Protein chains: 2
Amino acid sequence: MTELEKGPTGSRRGRGARERILGASRQLFREQGINRTGMDQLCAVAEVSKRTAYQHFTGKDELVAEYLRRFDPSVLSGVFDRTDLTPRERLLAVFDIPPTTPLCPYIAAAVELHDPQHPASQYARDYKKAVAARLADTAREAGAADPEQLGEQLALLIDGAAARTRVLDANAFPTAAAVATVLIDNAIPTAAGDDQRREEVAR
Amino acid sequence: MTELEKGPTGSRRGRGARERILGASRQLFREQGINRTGMDQLCAVAEVSKRTAYQHFTGKDELVAEYLRRFDPSVLSGVFDRTDLTPRERLLAVFDIPPTTPLCPYIAAAVELHDPQHPASQYARDYKKAVAARLADTAREAGAADPEQLGEQLALLIDGAAARTRVLDANAFPTAAAVATVLIDNAIPTAAGDDQRREEVAR
DNA sequence: CGTTAAGTACACCGTCTTGTGTGCTTAACG
DNA sequence: CGTTAAGCACACAAGACGGTGTACTTAACG
């Protein structure tokens with residue numbers, strides 16, 4: 001509302017309520033899920049009175065949507081802008097996630113909220129499409145025959161790795177990376193011949 | 001408890017409570033999710049008194065676990081046993097799901113329950129591993145170079161398609177099938193030469 | 001200093017949630 | 001027919017949930 005939203009001038013414990021609320025959301029929604037996190041607990045962790053929370057957000061739904069909007073998928077957004085990598089390397093770097101990743105809140109939100117009309121669900125959809133588009137752009141840059149298709153395929157691999165990691169409680173991104181290598185090398189005409197490709201497939 | 005659990009002799013409307021409860025679970029957990037389905041509503045749909053429900057299941061948790069155990073993923077279990085298909089065709093048929101599929105309750109349960117220790121979460125893990133193993137068996141039968149790896153990769157594609165279909169509200173299985181084709185043809189030494197393979201990739 | 005906006009404390013509401021306790025009816029089976 | 005187990009109706013607990021009302025304090029800024 002005011003232009004003083006970010007960076008509480010003096011964080012005398014009290015002034016930066018909105019940011020503290022969103023910080024607590026990030027922590028609790030990841031640790032416990034959205035539905036299992038009550039507003040009471042959230043406010044307690046954020047060290048914010050409940051009244052204040054409801055002055056910043058009309059309801060929990062709006063808070064959830066904003067939480068997703070604010071979520072910075074540091075891996076992806078960072079990878080796409082790295083100029084030290086070739087486009088092909090960037091496509092593969094997407095699967096090189098640190099093991100401490102909290103795991104795709106967009107999928108979690110869509111499943112937990114269970115309502116495609118929910119603002120957060122809509123945003124999750126938009127975000128997923130945006131990632132696929134970014135991947136397609138990079139694929140095009142890398143000279144892929146059908147960039148849109150490759151982008152969609154790689155996006156599917158990311159989601160598959162995320163979902164499988166969650167269910168199995170074991171990192172599935174290496175498997176996804178292996179598949180990605182095959183797809184990329186098949187889609188991009190490189191100097192590498194069929195022999196090398198076949199070797200990478202077998203690995 | 002008794003040996004009369006399945007097949008109510010006379011379904012005079014009243015006797016087969018347990019089956020009706022599980023039937024209602026299948027319907028409601030899919031339509032609304034687990035957390036958004038209360039025991040009151042579930043009992044109403046099942047036409048069962050709440051007291052009866054709690055005599056069959058010690059709590060909702062146990063009901064959820066049993067719901068997952070009973071879930072018949074008709075597509076997968078059917079596909080693996082089809083003798084009219086070659087192993088390779090069976091691996092691809094997995095992605096040929098009817099559009100009316102309710103979409104992987106195992107992933108949904110793992111996300112909704114948000115507790116890896118929950119019986120249902122543990123079963124989901126077991127099930128996913130079993131599917132990967134079945135895929136690996138079929139891959140071995142088809143003569144794949146590294147059946148375990150191919151099985152794990154195909155399993156990841158299935159989960160990716162399921163998750164992505166849920167989030168985007170659009171069928172992602174065709175994309176997964178396209179990737180599967182590439183993987184399978186790369187992993188299985190067939191009479192088909194590299195030229196044909198390259199064509200399939202471009203499609 | 002005085003105004004104004006931000007935040008606080010805390011009680012409270014209605015609703016929904018899982019789960020029980022009690023006493024009754026009904027169907028199956030020997 | 002009489003026993004036994006399955007099921008039923010219904011009220012009720014106890015707590016979590018999202019959300020509000022009210023009156024108060026504090027910090028920033030001109």
Side-chain angles (χ1 to χ4, degrees), chain A residues 1-25 28-29 32-67 112-115 118-120, chain B residues 1-25 28-29 32-67 112-115 118-120:
Chain A
M1 303 247 165
T2 78
E3 49 280 64
L4 186 55
E5 274 184 25
K6 58 158 65 175
T9 311
S11 60
R12 305 256 196 307
R13 188 241 162 265
R15 273 291 130 141
R18 190 183 179 91
E19 296 307 314
R20 264 179 290 135
I21 294 168
L22 287 166
S25 302
L28 294 176
F29 288 167
Q32 310 180 334
I34 295 171
N35 290 331
R36 301 182 107 77
T37 300
M39 290 299 283
D40 282 312
Q41 186 196 7
L42 199 145
C43 291
V45 170
E47 288 184 306
V48 153
S49 81
K50 220 168 152 192
R51 210 68 194 83
T52 300
Y54 279 97
Q55 267 148 13
H56 280 286
F57 304 95
T58 66
K60 193 184 182 183
D61 286 349
E62 193 187 300
L63 171 59
V64 172
E66 184 66 15
Y67 148 75
E112 281 206 80
L113 302 174
H114 218 278
D115 171 19
H118 193 291
Chain B
M1 302 234 166
T2 76
E3 50 279 67
L4 186 54
E5 274 182 28
K6 57 158 68 175
T9 312
S11 60
R12 305 262 195 304
R13 189 238 163 265
R15 271 293 129 138
R18 189 182 180 92
E19 296 307 313
R20 262 180 291 136
I21 294 168
L22 288 166
S25 302
L28 294 177
F29 288 166
Q32 311 180 333
I34 296 170
N35 289 331
R36 301 183 106 78
T37 299
M39 290 298 283
D40 281 316
Q41 186 196 6
L42 199 147
C43 291
V45 170
E47 288 183 307
V48 153
S49 83
K50 221 167 148 194
R51 209 71 196 81
T52 300
Y54 279 97
Q55 267 150 12
H56 280 285
F57 304 95
T58 67
K60 193 183 179 181
D61 286 350
E62 192 186 300
L63 171 58
V64 172
E66 183 67 15
Y67 148 75
E112 281 207 80
L113 302 174
H114 217 275
D115 172 18
H118 193 290

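Side chains are part of it too, since the values below use all heavy atoms of this structure and drop only hydrogens, waters and symmetry mates. In what follows, chains are A, B, ... by sequence order, proteins preceding strands, each numbered from 1. Every value quoted in this text rests on a predicted model; they were computed, and no experiment measured them.
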Inset, instruction - Could you check A:Arg51 against A:Gly38 and say which one's nearest nucleotide on DNA chain D is further toward the 5' end? - result: A:Gly38

Legend entry - Residue matched to D:dC10 through Watson-Crick or wobble contacts both under 3.5 angstrom: C:dG21

Inset, instruction - Could you tell me the separation between the CG atom of B:Leu63 and the P atom of C:dG19, rounded to a whole number of Å? - result: 10 Å

Inset, instruction - Measure from the side-chain heavy atoms of B:Lys60 and tell me the nearest of D:dG19, C:dT18, C:dT8. - result: C:dT18

Legend entry - Distance in angstrom units between A:Ile21 CD1 and C:dT8 C1', rounded: 13 Å

Legend entry - Gap between atom CD of B:Gln41 and atom CD of B:Gln32 - 0.5 Å precision: 4.0 Å

Legend entry - Per B:Ser49 side chain, nearest of listed nucleotides C:dT8, D:dC8, C:dG19: D:dC8

Inset, instruction - Report the distance from atom CG of A:Asp61 to atom P of D:dC17, rounded to the nearest whole Å. - result: 15 Å

Inset, instruction - For A:Asp40, report the nucleic acid contact type (base, sugar-phosphate, nothing); a contact means any heavy atom under 4.0 Å. - result: nothing

Legend entry - Residue matched to C:dA9 through Watson-Crick or wobble contacts both under 3.5 angstrom: D:dT22

Inset, instruction - Kindly say if A:Thr52 contacts the phosphate of C:dT8, meaning a side-chain N or O under 4.0 Å from OP1 or OP2. - result: yes

Inset, instruction - Check every strand shown and say whether B:Thr58 touches a base, only sugar-phosphate, or nothing at a heavy-atom separation below 4.0 Å. - result: nothing

Inset, instruction - Write down the distance between CZ (B:Phe57) and C1' (C:dT18), rounded to a whole number of angstrom. - result: 16 Å

Legend entry - Atom-pair distance (CE on A:Met39; C1' on C:dC13), nearest Å: 17 Å

Inset, instruction - Output yes when at least one side-chain N/O atom of B:His56 is less than 4.0 Å from OP1 or OP2 of D:dA6, else no. - result: no

Inset, instruction - Measure from NZ on A:Lys50 to P on D:dT22 and round the result to the nearest Å. - result: 17 Å

Legend entry - For the student: nearest non-hydrogen atoms of B:Ser25 and B:Leu42, plus distance: OG-CD1, 3.9 Å

Inset, instruction - Starting from P on D:dG7, measure out to CZ on B:Arg20 and report it in whole angstrom. - result: 7 Å

Legend entry - Closest heavy-atom pair and its distance - A:Phe29, A:Ile34: CD2-CA, 3.9 Å

Legend entry - Separation of atom OH in A:Tyr54 from atom P in D:dG21, rounded to whole Å: 13 Å

Inset, instruction - State the CD-CZ distance between B:Glu66 and B:Arg18, to the nearest 0.5 angstrom. - result: 5.5 Å

Legend entry - Shortest non-hydrogen separation from B:Asn35 to A:Arg36 and the atoms involved: OD1-NH1, 3.9 Å

